Visitor: 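This is the structure I want to talk about, given as structure tokens.
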Protein chains: 2
Amino acid sequence: MAPSPHGRPRRTAFLLSQLGSLSASRFAERTRELGLTPSDAGTLRWIGRNPGLSQRVLADRLGAVPSRVVPLLDSLETRGLVERVRSSTDRRNYELHLTGAGQALLGRLRDVAQEHEGELLAPLTPEESDELARLLARLAEGHGVDVEAHRDTGR
Amino acid sequence: MAPSPHGRPRRTAFLLSQLGSLSASRFAERTRELGLTPSDAGTLRWIGRNPGLSQRVLADRLGAVPSRVVPLLDSLETRGLVERVRSSTDRRNYELHLTGAGQALLGRLRDVAQEHEGELLAPLTPEESDELARLLARLAEGHGVDVEAHRDTGR
DNA sequence: TATTGTTATACTCTATAACTATA
DNA sequence: TATAGTTATAGAGTATAACAATA
């Protein structure tokens, strides 16, 4: 890319990294208030949208390795948020479901996500927020980032 | 924040996290080709801009703890990129400097950063890139993010 | 023989606290 | 007594590979 009009190099990519990190850490603070890590939150989201999915598929969706989701689900199951049900058709794998408590928490999680969104975009006007959303969506599309994928970036 | 005009919740904050993570990991790939971690790169940048600074100050600038910068500098010093010079006025602390090789590598690092910027913004027109830079700068300012600070987010 | 989920292990990254040497 | 830097240790997070159960 060419330098900016004044000859000073642009740092937009770097700024994007910094703000992305800020957004992720602020969101992690909010999920922590719900007793969840960002990985917990992503897992609840995926199971909520795709009830009955297997651990193998969940691992793929999260961009994680199967052994990684074991302690993740152990923790959520212990807290009564998720259930592992043996598949009757293939007894090797589980069908994952949210419990009632899990669904309720997922609802609160969505509220929290919207609050987070509002706080993050507060410095912008509604028009600017719209424009930013458009530009980021275009950038994501150009780089093949799946907007729906919930690959948690961790902290 | 209010939902988007069509009632579907916006995911701009999440998109920002994802793209920030993408930007950081792509940059890490490029620095790795130079034999540097992102932390190495940030350290070279800070010393290059502030020759003679102490490890304590460097740690503050990097947002790290003093014990963290020890192995970082050990590695850079072993590779002949950085020098630790005992301060003559206060023999407790070091004055950090880049060697000639360190300065040369910092130059290549700047080239790499600009290439990275170009690749990342490639899906946008120049006008859109300008607009994105403006919006992100406004967002950073609103949240008190120091644009010059080089707090590396890690991977 | 292949696949799902599990366990055991190890590796990376980082922070905390104790230590030394100077001041 | 306070500060710069160092070392030792421990913790979080994650991946790799071997394993048991089922297909």
Side-chain angles (χ1 to χ4, degrees), chain A residues 17 21 24-25 27-29 31-32 35-43 46-47 50 52-78 82-97 150-155, chain B residues 17 21 24-25 27-29 31-32 35-43 46-47 50 52-78 82-97 150-155:
Chain A
S17 298
S21 173
S25 61
F27 183 65
E29 283 174 31
T31 61
R32 195 175 54 231
L36 300 172
T37 66
S39 293
D40 289 337
T43 302
W46 269 105
I47 300 177
N50 306 91
L53 86 173
S54 68
Q55 294 187 194
R56 156 66 73 181
V57 172
L58 176 62
D60 288 346
R61 295 289 185 279
L62 292 175
V65 79
S67 65
R68 168 85 185 89
V69 308
V70 174
L72 207 53
L73 289 171
D74 286 348
S75 167
L76 294 172
E77 196 174 31
T78 299
V82 163
E83 280 179 331
R84 284 190 250 223
V85 181
R86 276 286 175 202
S87 167
S88 53
T89 59
D90 184 341
R91 296 179 52 73
R92 284 176 303 183
N93 58 20
Y94 286 117
E95 293 167 356
L96 302 173
H97 298 273
H150 210 292
R151 171 184 295 246
D152 283 289
T153 58
R155 52 96 177 249
Chain B
S17 299
S21 174
S25 62
F27 183 64
E29 283 175 31
T31 61
R32 195 174 55 231
L36 299 173
T37 67
S39 292
D40 289 337
T43 300
W46 270 105
I47 300 177
N50 307 90
L53 88 172
S54 68
Q55 292 187 198
R56 157 65 72 179
V57 172
L58 176 63
D60 288 345
R61 296 288 184 279
L62 292 174
V65 79
S67 66
R68 169 85 184 88
V69 308
V70 173
L72 206 55
L73 290 171
D74 286 348
S75 167
L76 294 172
E77 196 175 31
T78 299
V82 164
E83 279 178 330
R84 284 191 252 224
V85 181
R86 277 286 176 200
S87 167
S88 53
T89 60
D90 184 344
R91 296 180 53 75
R92 284 177 304 186
N93 57 21
Y94 286 117
E95 293 167 355
L96 302 173
H97 298 273
H150 209 291
R151 173 184 294 246
D152 283 290
T153 59
R155 50 100 173 246

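Keep in mind that this is a model prediction, so the values were computed, not measured. Labels below follow one simple rule: chain letters A, B, ... track the order of the sequence lines, proteins then strands, and each chain is numbered from 1.
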Visitor: Once you round it to whole Å, what is the distance between P of D/dT22 and OH of A/Tyr94?
Guide: 10 Å

Visitor: Measure CD/A/Glu95 against C1'/C/dG5 and give the value in whole Å, please.
Guide: 14 Å

Visitor: Reckon B/Arg56 has a side-chain N or O less than 4.0 Å from the OP1 or OP2 of D/dT6?
Guide: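 No, B/Arg56 has no side-chain N/O under 4.0 Å of OP1/OP2 on D/dT6.
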
Visitor: With heavy-atom distances below 4.5 Å as the criterion, would you say the side chains of B/Ile47 and B/Leu53 are in contact?
Guide: yes

Visitor: Compute whether any side-chain donor of one residue and acceptor of the other, for A/Ser87 and A/Thr89, lie under 3.5 angstrom apart.
Guide: yes

Visitor: Tell me, please, which residues at least two apart from A/Glu83 pass side-chain hydrogen bond (donor to acceptor under 3.5 Å, both in side chains).
Guide: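 Once residues adjacent in sequence are excluded, A/Glu83 has no partner under the side-chain hydrogen bond (donor to acceptor under 3.5 Å, both in side chains) criterion.
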
Visitor: Are A/Gln55 and A/Val70 side-chain neighbours, meaning at least one heavy-atom pair lies under 4.5 Å?
Guide: yes

Visitor: What integer distance in Å separates B/Asp40:CG from C/dC13:P?
Guide: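 Value for this atom pair: 10 Å.
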
Visitor: What is the distance, to the nearest angstrom, from the CZ atom on A/Arg84 to the C1' atom on C/dG5?
Guide: 9 Å

Visitor: Taking only residues at least two apart or on different chains, which pairs with a member in residues 66-75 of chain A satisfy salt bridge (Lys or Arg N to Asp or Glu O under 4.0 Å)?
Guide: A/Asp74-A/Arg84

Visitor: Tell me, for nucleotides 17-23 of chain C in 5' to 3' order, what letter each nucleotide earns: B for a base near a protein heavy atom under 4.0 Å, S for only sugar-phosphate near one, - for neither?
Guide: B----BS

Visitor: side-chain hydrogen bond (donor to acceptor under 3.5 Å, both in side chains) for B/Asp40 and B/Thr43? Distances and angles first, verdict last.
Guide: CA-CA 5 Å; B/Asp40 289 337; B/Thr43 300; 5.7 Å; no

Visitor: Could you state the atom-to-atom distance from CZ of B/Arg68 to P of D/dT6 in whole Å?
Guide: 14 Å

Visitor: Round to a whole Å and report the spacing from CG of A/Asn93 to P of D/dA21.
Guide: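 Rounded to the whole Å, the gap is 17 Å.
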
Visitor: Whole angstrom is fine here: how far is it from CD in A/Gln55 over to P in C/dT3?
Guide: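 It works out to 17 Å between those atoms.
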
Visitor: Over how many whole Å does the gap from A/Leu73 atom CG to C/dG5 atom P extend?
Guide: 9 Å

Visitor: Would you mind telling me which residue lines up with the more 5' stretch of DNA chain D, B/Val69 or A/Thr37, judged by nearest nucleotide?
Guide: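 Final value for this comparison: B/Val69.
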
